[in-house]
Student: 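I have a structure here, written as structure tokens, and I will follow up with some questions on it.
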2 protein chains.
Amino acid sequence: MFKPTTIKDIAKALNLSTSTVSRALRGGYEISEETKKIVLEYAEKVNFKRNPIALSLKERRSYSIGVIVCEVANQFFSQAIDGIESVAYSKGYHVIISQTHDSYEREVINVEHLANRSVDGLLVSLSAETKDYSHLEKLHDQGLPIVFFDRILNSMNTHKVSSNNFKGAFEATEFLISKGCKRIAHLANASQLSITAERQKGYEEALRQHHIPIDKELIKYCKHGGRDQIEVEIAVREFLSHDNPPDAIFVASDRLSTGCLSTMKKYATHHHDILVAGFSNSELVELLNPSLSYIRQPAFEMGEKAAEMLISIIESKYPIEEFESIMLDTTLHPNGV
Amino acid sequence: MFKPTTIKDIAKALNLSTSTVSRALRGGYEISEETKKIVLEYAEKVNFKRNPIALSLKERRSYSIGVIVCEVANQFFSQAIDGIESVAYSKGYHVIISQTHDSYEREVINVEHLANRSVDGLLVSLSAETKDYSHLEKLHDQGLPIVFFDRILNSMNTHKVSSNNFKGAFEATEFLISKGCKRIAHLANASQLSITAERQKGYEEALRQHHIPIDKELIKYCKHGGRDQIEVEIAVREFLSHDNPPDAIFVASDRLSTGCLSTMKKYATHHHDILVAGFSNSELVELLNPSLSYIRQPAFEMGEKAAEMLISIIESKYPIEEFESIMLDTTLHPNGV
DNA sequence: ATCGATGCCGGCATCGATTGCGCATTTTTT
DNA sequence: AAAAAATGCGCAATCGATGCCGGCATCGAT
């Protein structure tokens with residue numbers, strides 16, 4: 001069937017040994033200019049490409065990095081992936097993308113799959129459901145380079161890239177307060193995620209500084225990250241049907257933001273009275289109705305940084321001792337009213 | 001660094017040969033139950049996983065399939081990828097995703113990259129810029145299985161999956177006519193794409209059947225598929241500033257649809273007088289303002305079908321002679337007015 | 001008792017590319 | 001002119017897993 005030319009074919013055709021061909025093809029300090037020219041020309045002619053799989057076996061590495069995200073349909077992640085790819089390609093690495101759909105089982109399967117010597121390192125943003133991290137810790141202990149981005153595992157000693165979630169949440173909440181809102185609800189992601197805790201702290205701190213009491217009934221978590229629309233819908237409808245309903249909602253993530261708006265449009269007759277601000281990297285935000293004030297994360301840059309860090313670990317000669325945590329700033333985009 | 005246990009390590013530890021261990025690990029009809037048990041237990045204990053790279057080298061295949069799309073941020077493609085993955089995983093294949101960003105150069109690089117014996121087959125949706133298909137034809141001639149979906153290359157003799165673009169376009173245009181529109185513009189994708197031609201035919205046929213003259217000035221192509229927002233903006237602004245401007249726009253693809261709406265919101269003071277209908281698989285469509293009537297493609301199913309077809313070619317013992325072209329129906333979702 | 005049949009397992013080559021070592025020549029040095 | 005150095009290239013091992021072939025023992029049959 002599909003059978004590309006190998007170094008052996010060239011050797012046979014040119015009546016040389018495979019070693020000579022191999023050396024002629026790369027550097028080749030020990031090969032005469034003449035032979036080198038013959039080999040290179042012939043290789044070009046038969047469109048020779050070295051077999052990366054054979055190389056991986058020999059070199060015990062694959063020049064590819066694995067990316068674990070909840071889903072590529074999420075614009076934050078697709079932008080981050082663009083950043084990852086731009087760095088990876090420029091350094092000669094493949095990128096293999098794997099989606100967890102915020103499921104713990106899928107995360108375990110995908111991580112094991114990728115780790116098994118087919119990637120040189122892993123870029124991970126945790127699934128919303130994940131509470132047990134042993135699948136990652138085991139691999140990391142065995143020496144597989146791992147860098148976290150966005151949804152971080154604080155307890156693991158490695159590089160991490162995140163955005164300033166506390167500040168982003170704080171600014172968004174303060175913006176809602178500045179618009180006169182007094183009862184601000186918080187629609188949050190799964191409680192075990194790093195981003196959830198950080199964003200909730202920012203939200204609470206803003207309320208505190210403006211002397212607005214924190215009402216636990218106005219904070220709801222989506223433990224599957226809004227994997228099913230219904231999960232978001234239930235939470236938002238509880239807000240809406242509250243005896244003393246909120247006059248604003250601060251939403252902690254992309255998927256939840258749009259889910260929240262859909263629900264409001266569907267069920268709230270008076271939805272223009274409720275301001276919504278949330279994290280979103282969607283390019284369609286400005287076209288939404290009800291409108292959404294949004295906090296944007298520098299997804300592309302986060303991807304770039306994470307990929308650079310991972311590749312630096314992979315290519316480091318010695319075990320890394322000192323690990324970095326990078327935090328990038330978000331931007332607030334007010335909208336509506 | 002990262003060094004997983006190999007079959008050799010097990011052999012040494014158990015004082016057996018590698019062949020025995022190998023056979024004990026899989027079926028092993030020639031190995032005594034006793035040795036088999038010892039090997040399996042030890043393998044389990046040291047968490048042995050066979051090295052897929054070594055296997056790929058030996059078997060001359062990788063159990064992975066490559067997917068070439070313009071970008072994963074596009075919901076149509078991310079949904080198609082979900083379909084592809086669901087089939088691929090269930091049959092034991094990896095999925096490697098590669099983005100062209102509608103650039104011809106990137107397509108060539110990515111295709112070559114994947115083809116080089118690291119994938120067993122390719123699932124391709126052409127880039128908007130691509131006019132020369134030799135990079136794909138060469139590989140196909142060499143025997144690499146290729147299946148097209150969505151953006152098809154008609155001249156290549158292989159399986160193809162598309163949606164009924166003609167019918168979808170026809171219905172959307174007819175819908176606009178039924179709403180009383182008389183001057184319906186068409187914002188199209190790159191002219192060499194299969195979907196562009198099919199959708200344009202549907203549009204023109206609807207006009208013809210309703211005795212509306214076809215005005216070539218009301219048809220504009222985006223030859224980079226709307227890779228840059230500015231490309232769409234220029235086209236739409238030309239529509240808007242026309243002496244006799246359109247009262248509706250039929251848009252041929254997802255990215256163009258949203259780009260069109262943005263531009264209208266930005267520049268058209270009277271944008272509510274212009275109806276817009278277009279292809280879109282975005283989950284946010286219902287929340288858009290200006291509103292959009294949309295044609296939805298069965299992206300997930302298209303991905304499933306394409307993956308099934310590709311895997312059937314890969315696993316077929318004999319060269320396939322008869323190729324299929326599958327066409328799935330779209331659905332129209334009217335909105336606004 | 002000898003031969004054949006089986007059961008169980010090890011040796012070796014293989015997939016494609018790389019590389020240390022070593023063997024020829026040729027060129028340079030003394 | 002003889003010794004030393006340099007040049008150009010081939011042999012064989014290696015990476016991990018597999019599978020053909022062949023060896024050795026045990027058993028039953030003739």
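Values in this document were obtained by computation on a predicted structure and should not be read as measured data.
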Student: Not counting sequence neighbours, which residues clear side-chain hydrogen bond (donor to acceptor under 3.5 Å, both in side chains) with A:Asp102? List them please.
Tutor: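 For A:Asp102, the residues satisfying side-chain hydrogen bond (donor to acceptor under 3.5 Å, both in side chains) (neighbours in sequence not counted) are A:Arg151.
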Student: Which residues satisfy the ring pair (Phe, Tyr, Trp, His ring centres under 6.0 Å) test with B:His140, sequence neighbours excluded?
Tutor: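 So B:His140 forms no ring pair (Phe, Tyr, Trp, His ring centres under 6.0 Å) with any residue.
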Student: Could you state the CG-P distance from B:Asp9 to D:dC15, rounded to the nearest angstrom?
Tutor: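 That distance rounds to 10 Å.
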Student: Not counting sequence neighbours, which residues clear salt bridge (Lys or Arg N to Asp or Glu O under 4.0 Å) with A:Arg227? List them please.
Tutor: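 In terms of salt bridge (Lys or Arg N to Asp or Glu O under 4.0 Å), with neighbours along the sequence ignored, A:Arg227 is linked to A:Glu129.
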Student: What is the distance, rounded to the nearest whole Å, between atom CG of B:Asn51 and atom P of D:dG16?
Tutor: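 Computing the B:Asn51:CG to D:dG16:P distance gives 7 Å.
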Student: Return the value, rounded to whole Å, for the distance between atom CD1 of B:Ile38 and atom C1' of C:dC9.
Tutor: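 Distance, rounded to whole Å: 13 Å.
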Student: To the nearest Å, give me how far apart CD1 (A:Ile7) and C1' (C:dT18) are.
Tutor: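 After rounding, the reported distance stands at 8 Å.
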Student: Check whether any side-chain N or O of B:Arg50 sits under 4.0 Å from OP1 or OP2 of D:dT18, and answer yes or no.
Tutor: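 For B:Arg50, the contact criterion (side-chain N or O under 4.0 Å from OP1 or OP2 of D:dT18) is met.
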Student: With sequence neighbours left out, write down each residue that passes salt bridge (Lys or Arg N to Asp or Glu O under 4.0 Å) with A:Glu112, or none if nothing qualifies.
Tutor: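 For A:Glu112 the salt bridge (Lys or Arg N to Asp or Glu O under 4.0 Å) partners, ignoring immediate neighbours, are B:Lys49.
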Student: Please say whether more than 12 non-hydrogen atoms of neighbouring residues, nucleotides or ligands are located less than 6.0 Å from NZ in B:Lys160.
Tutor: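 Enclosed: over 12 neighbouring heavy atoms sit under 6.0 Å from NZ of B:Lys160.
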Student: For the pair made of NZ in B:Lys37 and P in C:dC8, what is the distance, rounded to whole Å?
Tutor: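 Rounded to whole Å, this separation is 16 Å.
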Student: What does nucleotides 6-14 of chain D look like as a protein-contact string, B for base, S for sugar-phosphate only, - for none, at under 4.0 angstrom between heavy atoms?
Tutor: --BBBBB-B
Student: Heavy atoms from C-beta onward define the side chain here; which of D:dA17, C:dT18, C:dG16 lies closest to that of A:Ala54?
Tutor: C:dG16
Student: Among pairs that include at least one residue of residues 63-74 of chain A, which meet salt bridge (charged side-chain N to carboxylate O under 4.0 Å, His left out), considering only residues two or more places apart or in two chains?
Tutor: A:Glu71-A:Arg255
Student: According to side chain to side chain contact (heavy atoms under 4.5 Å, CB included), who are the partners of B:Ser32, at least two apart in sequence or on a separate chain?
Tutor: B:Glu34, B:Thr35
Student: For B:Lys12 and C:dG10, give me the distance from atom NZ to atom C1', rounded to whole Å.
Tutor: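 After rounding, the reported distance stands at 16 Å.
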Student: Can you see if the side chain of B:Arg60 gets near the phosphate of C:dG16 - specifically, an N or O under 4.0 Å from OP1 or OP2?
Tutor: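 Answer is yes, contact under 4.0 Å.
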Student: Ignoring hydrogens and geometry, is there a side-chain-to-backbone donor-acceptor pair from A:Thr158 to A:Ile146 under 3.5 Å?
Tutor: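 Between the backbone of A:Ile146 and the side chain of A:Thr158 there is a qualifying donor-acceptor contact (under 3.5 Å).
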Student: Sequence neighbours excluded, which residues qualify as salt bridge (Lys or Arg N to Asp or Glu O under 4.0 Å) partners of A:Glu33?
Tutor: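 If we apply the salt bridge (Lys or Arg N to Asp or Glu O under 4.0 Å) test to A:Glu33, skipping adjacent residues, the hits are A:Lys36.
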Student: What stems involve DNA chain D, if each pair must be Watson-Crick or G-U and both of its distances must be under 3.5 Å, with 3 or more such pairs in a row?
Tutor: C:1-30 with D:1-30
Student: What's touching nucleotides 24-27 of chain D from the protein side, N or O pairs under 3.5 Å?
Tutor:
none

Student: How would you list, by chain and number, every residue that makes a side chain to side chain contact (heavy atoms under 4.5 Å, CB included) with B:Lys12, sequence neighbours excluded?
Tutor: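 Partners of B:Lys12 under the side chain to side chain contact (heavy atoms under 4.5 Å, CB included) test: none.
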Student: Mind calculating the distance between CD (B:Glu59) and C1' (D:dG19) to the nearest angstrom?
Tutor: 11 Å
Student: What residues, two or more places apart in sequence or in another chain, satisfy ring pair (Phe, Tyr, Trp, His ring centres under 6.0 Å) together with A:Tyr63?
Tutor: A:Tyr93
Student: Separation of A:Leu57 atom CG from D:dA17 atom P, in whole Å?
Tutor: 9 Å
